[in-house]
Colleague: 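Sharing a structure below in structure tokens format, with a few things to ask.
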Amino acid sequence: MDPISLDKALSSFTDLWSPRIVTAVNDYDVRVAKVEGEHVWHVHDHTDEFFLVVDGELHIALREAAGERTVVLPKGSVFTVPRGTEHRPAAPTGASILLFEPTGTLTVGDRHDEIPEHVDTTTGHALH
């Protein structure tokens, strides 16, 4: 196994909201994605979802018991959405992110709103 450059991995594709699997750790995928605009409101019933902002700024809207709020993540920030929490990632000006979640986890979760055309429903694509 050779080291993987996140910059090279991110420059190898242009699709938005369509993560690429860069490596695996135990039963988890490490995925990178380019994002811009809004994703879809969704929930992962059985797993947390980890975000690391590699470049740009990511907003994650959350619907929690106390109400709705948005977490703003600048470059270099991490945030974990707890399992069962309805959320919608967005990047008004574009961002590159790294995700850490169990292999086979759908990008739109277990429950979701109607999926817009610009959002790829996938468990991650192989990195070429």
Side-chain angles (χ1 to χ4, degrees):
M1 183 110 204
D2 292 322
I4 298 164
S5 161
L6 292 181
D7 288 338
K8 273 189 174 179
L10 285 160
S11 68
S12 71
F13 64 97
T14 58
D15 301 327
L16 297 175
W17 299 111
S18 184
R20 300 306 193 265
I21 300 167
V22 293
T23 192
V25 179
N26 298 315
D27 298 331
Y28 284 76
D29 287 340
V30 178
R31 306 172 184 177
V32 293
K34 293 180 179 181
V35 298
E36 189 171 349
E38 292 183 345
H39 195 264
V40 61
W41 280 104
H42 66 284
V43 177
H44 298 279
D45 289 326
H46 307 289
T47 184
D48 300 335
E49 187 170 21
F50 172 88
F51 294 86
L52 163 68
V53 180
V54 176
D55 195 31
E57 183 177 88
L58 184 70
H59 299 192
I60 303 176
L62 303 162
R63 290 181 176 154
E64 301 169 308
E68 196 170 302
R69 70 181 175 116
T70 299
V71 176
V72 177
L73 304 170
K75 179 180 177 176
S77 297
V78 299
F79 185 77
T80 300
V81 175
R83 73 190 69 204
T85 302
E86 191 173 9
H87 61 288
R88 183 191 67 212
T93 58
S96 296
I97 61 175
L98 181 142
L99 302 139
F100 188 72
E101 48 198 352
T103 299
T105 300
L106 279 172
T107 56
V108 294
D110 301 304
R111 295 178 283 124
H112 51 77
D113 285 351
E114 185 174 332
I115 301 168
E117 267 189 43
H118 70 276
V119 172
D120 185 12
T121 301
T122 180
T123 57
H125 297 284
L127 191 62
H128 297 280

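All values reported here derive from a predicted model rather than from experimental measurement. FYI, side chains are in, hydrogens and waters are out, and symmetry mates aren't considered; it's all heavy atoms of this structure. One is the number of the first residue; the rest follow in order along the sequence.
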Colleague: In terms of relative ring orientation, are H44 and H42 parallel, tilted or perpendicular, with 30° and 60° separating the classes?
Modeller: perpendicular
Colleague: Side-chain heavy atoms under 4.5 angstrom apart, residues restricted to Ile, Leu, Val, Met, Phe, Trp, Tyr: same cluster for V81 and F50?
Modeller: no
Colleague: Without swapping roles, check the side chain of H59 against the backbone of E38 for a donor-acceptor pair under 3.5 Å.
Modeller: no
Colleague: What heavy-atom pair brings A33 and P19 nearest, and what distance separates the two atoms?
Modeller: CB-CA, 3.9 Å
Colleague: How many angstroms lie between NE2 in H39 and OG1 in T107, if you round to the nearest 0.5 Å?
Modeller: 4.5 Å
Colleague: Would you compute the distance between atom CD of E36 and atom CH2 of W17 and round it to the nearest 0.5 angstrom?
Modeller: 9.5 Å
Colleague: Determine whether V35 and F51 fall in the same hydrophobic cluster, where Ile, Leu, Val, Met, Phe, Trp and Tyr are linked whenever their side-chain heavy atoms lie under 4.5 Å apart.
Modeller: yes
Colleague: Can you tell if the side chain of H118 reaches within under 4.5 Å of the side chain of L16, non-hydrogen atoms only?
Modeller: no
Colleague: Do L10 and L58 sit in the same hydrophobic cluster, where Ile, Leu, Val, Met, Phe, Trp and Tyr count as joined when their side-chain heavy atoms come under 4.5 Å apart?
Modeller: no
Colleague: Return the minimal non-hydrogen interatomic distance between S11 and K8, and the atom names on each side.
Modeller: OG-O, 3.0 Å
Colleague: Under the side chain to side chain contact (heavy atoms under 4.5 Å, CB included) test against V54, which residue among I97, V32, L98 passes?
Modeller: L98
Colleague: For residues I115 and W41: do they belong to one hydrophobic cluster (side chain heavy atoms under 4.5 Å, members Ile, Leu, Val, Met, Phe, Trp, Tyr)?
Modeller: no
Colleague: Under 3.5 Å, side chain of R20 to main-chain N/O of S18, donor-acceptor pair present?
Modeller: yes
Colleague: Where do V43 and R63 land on the side-chain contact (heavy atoms from CB on, under 4.5 Å) test, with the steps shown first?
Modeller: CA-CA 10 Å; V43 177; R63 290 181 176 154; over 6 Å; no
Colleague: State yes or no: do L62 and V53 share one hydrophobic cluster built from I, L, V, M, F, W and Y residues joined by side-chain heavy-atom distances below 4.5 Å, directly or via other members?
Modeller: yes
Colleague: About how many Å separate CD of E86 and CD of E68, when rounded to the nearest 0.5 Å?
Modeller: 8.0 Å
Colleague: Out of curiosity, K34 NZ to D15 CG, how far, rounded to the nearest 0.5 Å?
Modeller: 9.0 Å
Colleague: Check this for me: Y28, atom OH, are more than 12 non-hydrogen atoms of other residues, nucleotides or ligands nearer than 6.0 Å?
Modeller: no
Colleague: Look only at the side chain of D45 and the backbone of G84, and say whether a donor-acceptor pair between them is shorter than 3.5 Å.
Modeller: no
Colleague: Distance from I60 atom CD1 to T70 atom OG1, nearest 0.5 Å?
Modeller: 9.5 Å
Colleague: Report the distance from atom CZ of R83 to atom OG1 of T47, rounding to the nearest 0.5 Å.
Modeller: 5.5 Å
Colleague: Kindly write out the residues that satisfy salt bridge (charged side-chain N to carboxylate O under 4.0 Å, His left out) with D27, not counting sequence neighbours, or none if the list is empty.
Modeller: none
Colleague: Indicate the atoms forming the closest heavy-atom contact of P89 with V40, along with that distance.
Modeller: CD-O, 4.4 Å
Colleague: Using modelled atom types only, decide if a donor and an acceptor are shared between the side chain of R31 and the backbone of T123 within a distance under 3.5 Å.
Modeller: yes
